[in-house]
Amino acid sequence: MRTQVGIVGAGPAGLLLSHLLHRRGIECVVLELRSRQYCETRIRAGVLEQGTAELLRAIGVGERMAREGLVHHGIVLRFDRRDHRIDLSGLTGRAITVYGQHEVVKDLIAARLAAGGEILFEVAGVEVADVDTPAPRIRFRHAGAHRELRCDFVAGCDGFHGVCRSSIPPRALSTYEHTFPHAWLGVLARVPPPSEELIYASHERGFALQSMRSPELSRLYLQCAPTDELEAWPDDRIWDELRRRFEREGWTLPEGPVLHKGITAMRCFVADPMQYGRLFLVGDAAHIVPPTGAKGLNLAAADVRVLARALDAHYAEGRGDLLERYSAVCLRRVWKVQRFSSWMTSMLHRSAGGPFFDRLRHAELDYVTGSRAASTALAENYVGLPFEDG
Ligand code: FAD
Ligand code: DHB
C-alpha cells in the first residue's frame, strides 16, 4: 500500500487531519487499533472552543453540531456556596460549544467514509519505521494479514499510550511531566442538567463540575484520589458527594440513572520536539493537559491546523519551512494551554498543602471573580487563544 500521509490513530486528531488533507487533495490512510463502534462511543471531552467549532463548520462537518450542540456564553465558578459568573462573551466577544467528543468523532468518521476516505479499524501491531529517511513505512496487521503502508510522512495521532512517540530515539526527545495528586471521577447521567451553564465548584470537600451533553443528559465530575477504584464509588455515594460539593441555597441537584462512570488521572506532559524526521506527533501523542481547562481536544485540533497547512505548503508549493516550524509553532500554544490548565487545576482543587494554601486558593478565586482584568484573562483562555498557524 502507498499513500502520501500515513495517519496512526482515529481519535479527533487523526480524523480531523485526514479530513483537512482530503480537502486539500492530499492522500492519506488512517490506521486505528480499535473498532469503529468503540471510537464512536468512547466518552471523553465536551467543550469546543469557538475556533474549534468554526473549523468543524468550515470543513463541512458542523451540521449536527449546529443542531445539537449547546452554545454557551458564560461559565459559573461556585465557592463559599455562591455563584460568580464569568461572562465569556461579554468579556471576549466569543463563546464555547458543548458537544461531546464522541459526537465529533462520529461526524468526522461519517464525513471521511462518505468522501471515500480510507480508515482501517482494528489494526494490530503497528510499527513505524524509516521516519529518518525520505520513505517512511508503517507495518501492521489487518484482517489476519501482515501489511505495509509506504508514505511520505507519518502523523502520530495515536494518543498518549500510542506507539509513535516511543518509536523516537530517547536522545532526540525531551519530555516534561507533572502529575497532580488528584483524579476525576466522571459520570454521565440521564437527568436534565440542573443549570444551563457549566458550574466549576470549589468546596472544602474537593472540586466538582457540572456539565451536560443534551437537555436530558448531565455530565458530572468529582475530584477523587488517584488511587480510588470505581468500586469505591457506588451511585449513592456519588450523588451524596455531588450534592454536598454543589450546595447552594435555592439550588438542587436532581438524581437520575448513571449511564457511565470512569476515573481519569490528572497529568501534564509535553514532548519536545513534536517531530522526528518525517514523523509528526499530534494531539495527546505529544502532550497531555489536566482536564480542568477543557483543552485536550481543542489543543489536538490546533496542532492539526498547523500540520495540515504545513503539508499543504510542502505538496502545493514545494515549501519545507512550515514543516520545519511545526513543532515550534505548536509548542508555543501547548505551553500556554499547559499554564492555563495547571492554573485552573490548582485554583479549583483541594490540595494537601494545608490551611495556608486553602486561603491562597480562596484569594485567587476571589480575585479572579472580582477583577475584570483577571476574569478576562480566564475568559480569553477558556474560549481559546488566537491561532498562530505559522
Ligand atoms: P485520542 O483521542 O487518544 O486518540 C488516539 C487514537 O489512537 C485512539 O482512537 C486510539 O485507539 C488510537 N491508537 C492508540 N494506539 C494505537 C496504535 N498502536 N495503533 C493504532 N491506533 C492507536 N479532555 C477534556 O478537555 N475534557 C475531558 O473531560 C477529558 N476527559 C478525558 C478522559 C479520558 C479517559 C482521556 C484519556 C482523555 C480525556 N480528555 C479530556 C482529553 C481529550 O479527550 C484528548 O485530549 C483528546 O482525545 C485528544 O485527541 P487525540 O486524537 O490526540 O487522541
Ligand atoms: C467537560 C470536561 C471538562 O474537562 C471541562 O473542563 C468542562 C466540561 C465535559 O466533559 O463536558
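In this text the structure is predicted, and so the values were computed from the model without any measurement. In listed order, ligands and their atoms are each counted from 1. All residue numbers refer to positions in the sequence shown, counting from 1.
At least one N or O atom of P12 sits closer than 3.5 Å to an N or O atom of ligand 1. For R44, a nitrogen or oxygen atom sits less than 3.5 Å from a nitrogen or oxygen atom of ligand 1, counting backbone and side chain alike. At a 3.5 angstrom cut-off on N or O pairs, L33 counts as close to ligand 1. Any N or O atom pair closer than 3.5 Å counts here, and R34 shares no such pair with ligand 1. Here's the thing with A13: one of its N/O atoms is less than 3.5 angstrom from an N/O atom of ligand 1. Looking at H161 next to ligand 1, no N or O pair under 3.5 Å apart turns up. Checked against a 3.5 angstrom limit, the closest N/O atoms of Y221 and ligand 1 fall inside it.
Distances below 4.0 Å separate heavy atoms of A294 from the following atoms of ligand 1: 25 (O).
Of the candidates D303, T175, D272, D303 is the only one forming a side-chain hydrogen bond (donor to acceptor under 3.5 Å, both in side chains) with H287.
Distance remark: protein heavy atom present below 4.0 angstrom from atom 28 (O) of ligand 1.
Ligand 1 does not have F140 within reach: every non-hydrogen atom of the residue lies 4.0 Å or more from it. Contact between R213 and ligand 2 is present, with at least one heavy atom of the residue lying under 4.0 Å from the ligand. Residue contact check for ligand 1: R42 places a non-hydrogen atom closer than 4.0 Å to it.
Within the 4.0 Å heavy-atom criterion, the part of S211 lying near ligand 2 is the side chain and not the backbone.
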